[in-house]
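Below you'll find the structure, written out as structure tokens, and then a few comments.
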Amino acid sequence: MDFIMPPTLPAGGIPWEKVLPPLIPRLNQTYGQYNWSPKLLIPETDNTSSAEVNCDDSGFTVQVDVKLFNPEELMVKVTGDFVEVQGKHEEKKDGAGVTTRQFNRRYRIPKGVDTMALESAVSPDGILIISAPMLQTEDSRIVT
């Protein structure tokens with residue numbers, strides 16, 4: 001079965017809330033004892049990422065919101081062309097319950113960044129700042 005796609009998509013993407021209900025008419029807002037809404041079938045994008053990556057002539061910087069983690073629960077390492085950030089927090093509850101929160105993120109390090117000078121620190125307001133200067137080349141040195 002071939003599907004004919006329009007040559008261009010609307011600026012806001014596919015209007016799934018208008019497309020999906022006609023495709024699934026038998027659900028009629030319920031499926032068994034469960035309520036149904038188009039939002040359940042719409043894929044979510046990862047807009048929860050609260051990281052900012054910058055690279056300019058002065059260097060490479062990554063800022064990651066880690067307010068929910070203590071500094072000792074974070075690990076920053078360089079693997080190949082990437083800087084990896086990992087965080088893991090465990091909270092023991094009364095009884096047998098344990099709450100775990102963890103994340104793993106990777107950020108590509110641009111060419112020309114001095115990875116041997118990479119530094120990381122957590123600011124007082126809970127922002128992990130990873131930074132590294134650009135490599136110094138013969139052309140960029142100022143001769144006096």
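We use all heavy atoms of the structure for the numbers below, so side chains are in, but hydrogens, waters and symmetry mates are not.
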To the nearest 0.5 Å, tell me how far [X] [atom1] sits from [Y] [atom2].
X    : Y    : atom1 : atom2 : answer
M75  : Q86  : CE    : CD    : 3.5 Å
I109 : D81  : CD1   : CG    : 7.0 Å
F60  : Y107 : CZ    : OH    : 9.0 Å
R101 : E91  : CZ    : CD    : 6.5 Å
T99  : H89  : OG1   : NE2   : 8.0 Å
M116 : L135 : CE    : CG    : 11.0 Å

Original post:
Are more than 12 heavy atoms from other residues, nucleotides or ligands located less than 6.0 Å from atom CG of D56?
Top reply: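 Yes, CG of D56 has more than 12 neighbouring heavy atoms, counting only those of other groups under 6.0 Å.
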
**OP:** Please name the residue in the list S58, C55, P110 that meets the side chain to side chain contact (heavy atoms under 4.5 Å, CB included) test with M134.
**Re:**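 Output: one option passes, namely C55.
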
In the single-linkage hydrophobic clustering (I, L, V, M, F, W, Y; side-chain heavy atoms under 4.5 Å), do [X] and [Y] co-cluster?
X    : Y   : result
F103 : L68 : yes
V76  : F82 : no
L74  : V53 : yes

Please set out all donor-acceptor pairs under 3.5 angstrom arising from side-chain atoms of residues 118-131, sequence neighbours excluded.
from, atom 1, to, atom 2, distance (Å)
S123, OG, D125, OD1, 2.3
S123, OG, I127, N, 3.2
S123, OG, I127, O, 3.4

Subject >> K67 backbone acceptor or donor facing D65 side chain under 3.5 Å >> reply: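 Here the side-chain-to-backbone pair exists.
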
Original post:
Would you call T100 and K88 a side-chain contact if the rule is heavy atoms closer than 4.5 Å?
Top reply: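 SC-SC contact between T100 and K88 confirmed.
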
